[in-house]
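Inspection log for the structure reproduced underneath, given as structure tokens.
None of the values given here were measured: they were computed from a predicted structure. First the proteins, then the strands, lettered A, B, ... as listed; each starts at 1.
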Amino acid sequence: MGLQCCFGGTTFQTLKMAAIPSLYSSSTSILRPVSKTLTFNFLSRPHGRSLPLLVRALSAPAIQTTGRTTTSPDDKVLRPQWKAAIDFKWIRDNKEDVAANIKNRNSNANLGLVLELYERLLNVQKEVERLRAERNVVANKMKGKLEPSERQKLIEEGKNLKDRLITLEDDLLKLTDELQLEAQSIPNMTHPDVPIGAEDSSTLRKVVGDPHEFSFPIKDHVQLGKELDLFDFDSAAEISGSKFYYMKNEAVMLEMGLINWTLFEVMKRGFTPLTTPEIVRSSVVEKCGFQPRGTNTQVYSIEGSDQCLIGTAEIPVGGIHMDSILPEALLPLKYVAFSHCFRTEAGAAGTATRGLYRVHQFSKAEMFILCRPEESDSYHEELISIEEDLFSSLGLHFKTVDMASEDLGAPAYRKFDVEAWMPGLGRYGEISSASNCTDYQSRRLGIRYRPESSLTNPKKGKGNLASTQFVHTLNATACAVPRMILCLLENYQQEDGSVVIPEPLRPFMGGLQIITPKSR
Amino acid sequence: MKGKLEPSERQKLIEEGKNLKDRLITLEDDLLKLTDELQLEAQSIPNMTHPDVPIGAEDSSTLRKVVGDPHEFSFPIKDHVQLGKELDLFDFDSAAEISGSKFYYMKNEAVMLEMGLINWTLFEVMKRGFTPLTTPEIVRSSVVEKCGFQPRGTNTQVYSIEGSDQCLIGTAEIPVGGIHMDSILPEALLPLKYVAFSHCFRTEAGAAGTATRGLYRVHQFSKAEMFILCRPEESDSYHEELISIEEDLFSSLGLHFKTVDMASEDLGAPAYRKFDVEAWMPGLGRYGEISSASNCTDYQSRRLGIRYRPESSLTNPKKGKGNLASTQFVHTLNATACAVPRMILCLLENYQQEDGSVVIPEPLRPFMGGLQIITPKSR
């Protein structure tokens with residue numbers, strides 16, 4: 001919240017309903033003159049306070065780098081490349097709850113600093129306002145007939161005020177940037193039902209099926225894959241590195257079958273199918289709550305550009321309606337997006353990474369919903385329910401877990417994970433995750449909607465932005481192919497080394513019913 | 001120096017030995033440098049050329065075959081960008097925001113069309129004895145070079161990953177070529193026939209103009225690629241087989257196209273001979289390349305180190321297990337089975353109807369849940 005624009009050299013464009021192509025998309029700000037405490041707007045217009053249109057300002061030319069931040073000329077403060085529409089007033093008014101939340105999530109966000117910066121910011125704003133008013137008074141006085149000495153005095157006074165204003169406005173800019181940087185680390189609030197604590201505090205929501213009892217010694221998916229000639233990890237290690245793989249023969253058909261079946265099933269439930277770019281600007285990755293350039297980042301960056309590879313279709317789908325105001329009638333927007341995903345898996349090691357469990361590249365179908373705030377809880381239930389249906393249809397045994405506060409990740413208000421039984425590994429492994437991100441992502445991506453009631457009020461007019469709200473966004477894995485294949489191979493193996501194909505997939509695999517060992 | 005010598009004679013020999021050793025070190029160093037320089041220069045020498053290939057620039061290319069004619073429309077036609085907009089099939093604008101130009105989202109029936117095309121193509125090519133594969137899309141840059149591409153040249157087509165020696169593939173030809181890198185294959189295994197599905201990434205540096213509007217030239221796309229490793233004497237005939245499969249596939253989809261034997265200046269360094277298929281794109285009002293079939297003979301295999309051991313050598317006891325004189329370099333060939341964006345472009349533009357709908361070619365319908373037609377959506 002708060003008008004965050006950079007003064008000096010700004011230009012404005014009217015915000016259209018759809019996404020706006022812009023030359024400076026990586027360095028734009030969203031202006032939102034909503035509450036009375038908003039006092040940024042006067043920066044751009046020395047004489048007035050109102051900014052009737054929702055505008056999109058170009059940041060000052062200093063912000064034009066490939067990094068998340070850039071240094072300002074005097075090298076003291078890093079400038080954020082983009083600004084999140086954070087509700088500072090709300091944070092201040094609810095600071096105990098915010099502090100408790102930060103602690104529960106084990107986050108290292110510095111709330112004290114955020115509040116301090118905000119106070120200073122407000123004070124500097126007041127001072128700037130005061131000086132501007134004084135300058136107006138002086139300007140008005142100069143319009144009348146004056147003695148030369150009086151005029152001279154006024155001119156000096158005016159100049160003095162102007163100089164002080166320039167300094168303060170510069171401070172304001174620095175404070176705004178610092179505040180942004182600190183505040184962006186504050187994690188989303190948490191649903192009251194979420195258990196507080198570490199992974200072992202997570203609550204069991206549901207169990208479907210039981211672990212299948214095998215009457216013979218079972219194999220893991222790596223061994224099954226080798227015997228059935230389904231994967232090649234060795235050649236991939238040569239040409240690409242570890243945690244890469246080729247899929248061969250029926251495994252390719254299994255991937256095609258899983259993706260096709262999943263897309264059709266989710267489309268039937270009213271989701272619009274999409275394929276997405278897999279190379280995106282790093283600012284979009286950050287706005288979704290990921291860190292492209294942190295140590296142990298999960299994100300691959302493209303050399304010589306500000307682009308990255310996506311780790312999930314959540315990112316390009318979140319970006320579709322970036323910087324837009326959607327008519328309420330359009331909500332909810334429900335997408336099922338298919339893409340390849342790329343993750344560095346920096347810092348991950350151990351036996352859990354053998355075979356297909358943890359890989360650098362994989363295919364995934366992801367569900368994404370944009371909705372009104374009051375509906376996000378119920379859509380979260382809908383998403384997990386769709387996932388449970390899909391996995392049950394495939395005959396998998398799994399449990400759904402309500403993730404504890406330390407395991408949520410900054411964007412999620414609440415997160416349900418599905419962990420499927422992987423007999424070859426002898427344990428449960430995560431095959432899917434459904435998160436309600438409430439307005440965390442939408443405040444960063446700038447996705448709002450206009451409630452319909454405002455349209456019927458003639459007084460408000462077309463341009464009245466007081467009525468726009470941030471949407472809530474949710475995302476959920478419909479199918480992450482490698483782990484699904486792992487589950488299917490390990491669960492459906494037979495004593496003779498063959499693997500049965502679950503019924504729902506067969507029509508999407510040319511009718512194939514079973515994967516049998518090949519004769520040599 | 002092994003015999004009994006006078007001290008002075010021994011000393012003379014020691015000095016002579018040292019002198020020879022020093023001269024050898026210098027020469028061996030020269031040898032190393034020369035070897036490297038020679039490699040660098042020689043790697044630029046393009047593959048030899050098939051005798052039937054026309055000499056000259058693009059306009060010298062020979063027409064091999066024409067299938068069908070340009071469909072006559074009885075109404076003013078639209079290009080695929082307009083059709084896509086009206087049928088809500090693509091989003092270029094949002095993609096330009098989040099990624100840049102020449103990126104796109106596909107929506108609704110276009111997604112089903114991509115799935116249908118890939119699935120149908122894989123099944124059709126599998127039926128002809130090709131092993132289906134999916135491949136890594138991030139590979140070491142050395143593999144890219146060994147296939148004949150230039151990851152780090154100016155105007156390179158190749159995206160590199162920051163902080164590593166890895167690149168994104170521009171075609172599955174690269175990871176498939178890499179599978180048997182530095183190997184000796186038993187002759188009985190040949191020919192090896194793969195059909196590989198992957199996403200492909202190209203910088204398209206230096207490409208501009210109207211031909212790049214819409215789906216014609218994009219940075220990321222899905223592609224099914226055929227790849228054959230075979231004995232040298234068979235590569236010409238497998239080249240014919242590959243182009244024949246492509247022509248079958250495109251005919252089945254009802255496209256009108258011509259097959260061209262590319263002229264010498266248009267071959268690209270690895271190809272001994274290259275056939276391009278250019279399909280009629282009514283919205284663009286011209287033919288556009290939808291596929292390419294190249295015979296790279298031993299150009300790639302000499303760089304990737306892919307050899308085979310002819311069976312006759314196994315029966316000669318004198319040669320023994322380690323005798324490499326009997327190994328030969330395989331020949332490699334590659335051919336596009338389906339490059340999705342241009343196929344979708346062709347299908348939309350050719351199958352459009354006056355009311356703005358688009359008919360789905362019959363072979364694809366079973367792979368699209370039975371969908372027969374893409375109709376404008378009611379608002």
Worksheet entry | chain A contact via B:Y194 - which portion, at a heavy-atom distance below 4.5 Å | neither
Worksheet item: Do any N or O atoms from the side chain of A:H221 and from the backbone of A:L489 form a donor-acceptor pair under 3.5 angstrom?
Response: no
Worksheet item: For A:A313, is it the side chain, the backbone, both or neither that has a heavy atom under 4.5 Å from a heavy atom of chain B?
Response: neither
Worksheet item: Checking heavy atoms, do the side chain of A:Q307, its backbone, both or neither come under 4.5 Å from chain B?
Response: side chain
Worksheet item: Counting heavy atoms not belonging to B:E362, are there more than 12 under 6.0 Å from its CD?
Response: no
Worksheet item: Closest heavy-atom contact between B:V330 and B:R307?
Response: CG1-C, 4.1 Å
Discussion item. If I measure from the heavy atoms of chain B, does A:E278 come under 4.5 Å with its side chain, its backbone, both, or neither?
Written reply: both
Fill in: Atom group of A:I315 that falls short of 4.5 Å from chain B, counting heavy atoms
neither
Worksheet item: Under a 4.5 Å heavy-atom cut-off, does chain B meet the side chain of A:F342, its backbone, both or neither?
Response: side chain
Practice prompt. Name the region of A:Y245, side chain, backbone, both or neither, that has any atom closer than 4.5 Å to a heavy atom of chain B.
Written response: backbone
Worksheet, complete the sentence: If one checks every heavy atom of A:N260 against chain B at 4.5 Å, the contacting part turns out to be side chain
Practice prompt. Select, from A:L274, A:V252, A:T275, A:N249, the one with the greatest count of heavy-atom pairs under 4.5 Å involving chain B.
Written response: A:T275
Practice prompt. Using a cut-off of 6.0 Å, state whether more than 12 heavy atoms not belonging to A:E238 lie near its atom CD.
Written response: no
Worksheet item: Below 6.0 angstrom between ring centroids: does that apply to B:F123 and B:F367?
Response: yes
Discussion item. Other residues, nucleotides and ligands only: do more than 12 of their heavy atoms fall within 6.0 Å of CG on A:D234?
Written reply: no
